[in-house]
Novice: 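Dropping the structure in here first, questions after.
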Protein chains: 2
Amino acid sequence: MKVAGRSRCSTFKNMSASRKAKQKNHAPVFAALGDETRLTLVRRLANGEPQSISQLTEGTELTRQAVTKHLRVLEGVGIVNSKPSGREKLFEFNAHPLNELRDYLDLVSSQWDDALSRLKAFVED
Amino acid sequence: MKVAGRSRCSTFKNMSASRKAKQKNHAPVFAALGDETRLTLVRRLANGEPQSISQLTEGTELTRQAVTKHLRVLEGVGIVNSKPSGREKLFEFNAHPLNELRDYLDLVSSQWDDALSRLKAFVED
DNA sequence: TTAACTAGCAACCTCCAGGTTGCATATCAT
DNA sequence: ATGATATGCAACCTGGAGGTTGCTAGTTAA
């Protein structure tokens, strides 16, 4: 059973295809995750099936409205999607933005590795 | 020359060593990256040698004080370190927190994969 | 057909992140 | 010694994030 194994070679200069004009705005996505409540919601949705606003409000110490606002923030950057189902509105996790963040962090780390290499080479020279 | 190759198997139930009591607060780190100015500073520092506040202020449209505050935020979560050097204060990148974020994103993604697997198994049942 | 449940909208409040300015202080170059 | 440079500190301002409450409206179950 293939489980969508993620293996990446981050120190790769020639990032041709995937990294085309991907100068995306990652800051808003980071910001969306920069809140404990929102992180909890994300973990919760990434852990199972879609849930309604009322369901997601349970376990929180917040109002439904507050949770709604948080969900809107998450939806605004694509971390969750919503679909109406009867009288409720179900939110489901979407892994794509988080994967992009992961790739971005890899990119920055690889830049750092390269910088260290250059520095080391310079010193050894 | 070994370049600290990063290869991970994220869908791994038995995360023994590294994931001990690592219930860390990731939200503040995400929040620190959730600002375009700060992201730019990080990229800049991850791209080369330590730089002073004045240097980092160049290229920005902000005041030195504003940049200072941003740097303090980044330092607060460990993304950068600072060391005084004469009359200036040099900031250097520290990859560790970003690596932890990457691992965390991997963890959430793997939870999502598992959830999908369970759902699939349930449907096929 | 009601009563209970789920969600949206709008107004409002509070606090702090992000930014500025002004002044003080340490260090470097000449 | 002195002027230029680099930073720190404190006060201040403003907008928006995060939260609440009250009311309205659609959907479901009895």
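Keep in mind that this is a model prediction, so the values were computed, not measured. Chain A is the first sequence line, chain B the second, and so forth, proteins listed ahead of strands; every chain is numbered from 1.
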Novice: State whether the distance check finds a donor on one side and an acceptor on the other, under 3.5 Å, for side chain R87(B) versus base dT7(D).
Specialist: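 Absent.
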Novice: Without decimals, in angstroms, what is the distance between L90(B) CG and dT7(D) P?
Specialist: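 Value for this atom pair: 8 Å.
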Novice: Answer yes or no: is there a side-chain heavy-atom contact under 4.5 Å between H26(B) and L101(B)?
Specialist: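 Yes. Closest side-chain heavy atoms under 4.5 Å.
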Novice: Any donor-acceptor pair under 3.5 Å joining the side chain of R64(B) to the base of dG8(D)?
Specialist: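 Per atom types, the contact qualifies.
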Novice: Please state whether the phosphate of dG8(D), meaning OP1 or OP2, lies under 4.0 angstrom from any side-chain nitrogen or oxygen of K89(B).
Specialist: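 For dG8(D), OP1 or OP2 has a side-chain N or O of K89(B) closer than 4.0 Å.
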Novice: May I have the distance from L56(A) (atom CG) to dG8(C) (atom P), rounded to whole angstrom?
Specialist: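 In whole Å, dG8(C) P and L56(A) CG are 12 Å from each other.
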Novice: Let me know the distance between CZ of F30(A) and P of dA17(C), rounded to the nearest Å.
Specialist: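 It is 20 Å, rounded to the nearest whole Å.
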Novice: Can you tell me whether the side chain of Q65(B) and the base of dG8(D) have a donor-acceptor pair closer than 3.5 Å?
Specialist: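 By the distance-only test, yes, there is a pair.
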Novice: With distance as the sole test, does E58(B) use its side chain to make a donor-acceptor pair with the main-chain N or O of Q55(B) at under 3.5 Å?
Specialist: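 No: the side chain of E58(B) does not pair with the backbone of Q55(B).
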Novice: Hey, can you pull the donor-acceptor pairs under 3.5 Å for the side chains in residues 70-86 of chain B, sequence neighbours left out?
Specialist:
residue : atom : partner : partner atom : Å
H70(B)  : ND1  : R38(B)  : NH1          : 3.2
E75(B)  : OE2  : S82(B)  : OG           : 2.6

Novice: Return the value, rounded to whole Å, for the distance between atom CZ of R72(A) and atom C1' of dG8(C).
Specialist: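 It is 7 Å, rounded to the nearest whole Å.
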Novice: Roughly how many Å is it from NZ in K69(A) to P in dA17(D), rounded to a whole number?
Specialist: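 Rounded to whole Å, this separation is 10 Å.
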Novice: Does any residue of residues 31-41 of chain B have a heavy atom under 4.0 Å from DNA chain C, and if so, which ones, in number order?
Specialist: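 Only D35(B), R38(B) qualify.
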Novice: What distance do L105(A) atom CG and N99(B) atom CG have between them, rounded to the nearest 0.5 Å?
Specialist: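 Result: 8.5 Å between the selected atoms.
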Novice: May I ask you to evaluate whether T63(B) reaches the phosphate of dT20(C), defined as a side-chain N or O under 4.0 Å from OP1 or OP2?
Specialist: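 For dT20(C), OP1 or OP2 has a side-chain N or O of T63(B) closer than 4.0 Å.
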Novice: Whole Å only: how far is the CD atom of Q51(A) from the C1' atom of dA7(C)?
Specialist: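 Rounding to the nearest Å, CD of Q51(A) and C1' of dA7(C) are 16 Å apart.
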Novice: Considering just the side-chain nitrogens and oxygens of S54(A), establish if one lies under 4.0 Å of OP1 or OP2 belonging to dC5(C).
Specialist: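 No, because none of the side-chain N or O atoms of S54(A) sits under 4.0 Å from OP1 or OP2 of dC5(C).
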Novice: Any donor and acceptor pair, going by atom type alone, linking the side chain of N25(B) with main-chain N or O of A27(B) inside 3.5 Å?
Specialist: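 No; zero donor-acceptor contacts below 3.5 Å.
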Novice: Is there a donor in the side chain of R102(B) and an acceptor in the side chain of Y104(A), or the other way round, less than 3.5 Å apart?
Specialist: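 Y104(A) and R102(B) do not have a side-chain donor-acceptor pair below 3.5 Å.
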Novice: Which whole-number value in Å describes the distance from E88(B) CD to dA26(C) C1'?
Specialist: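 Rounded to whole Å, this separation is 13 Å.
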Novice: Verify, without hydrogens or angle tests, whether N94(B) (side chain) and H96(B) (backbone) share a donor-acceptor contact under 3.5 angstrom.
Specialist: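 Flag set: sc N94(B) to bb H96(B) pair under 3.5 Å.
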Novice: Tell me whether the side-chain N/O atoms of H70(A) come closer than 4.0 Å to OP1 or OP2 in dG19(D).
Specialist: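 Indeed, a polar side-chain atom of H70(A) lies that close.
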Novice: Output the rounded distance in Å from CD (Q55(A)) to P (dC5(C)).
Specialist: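 From Q55(A) CD to dC5(C) P: 15 Å.
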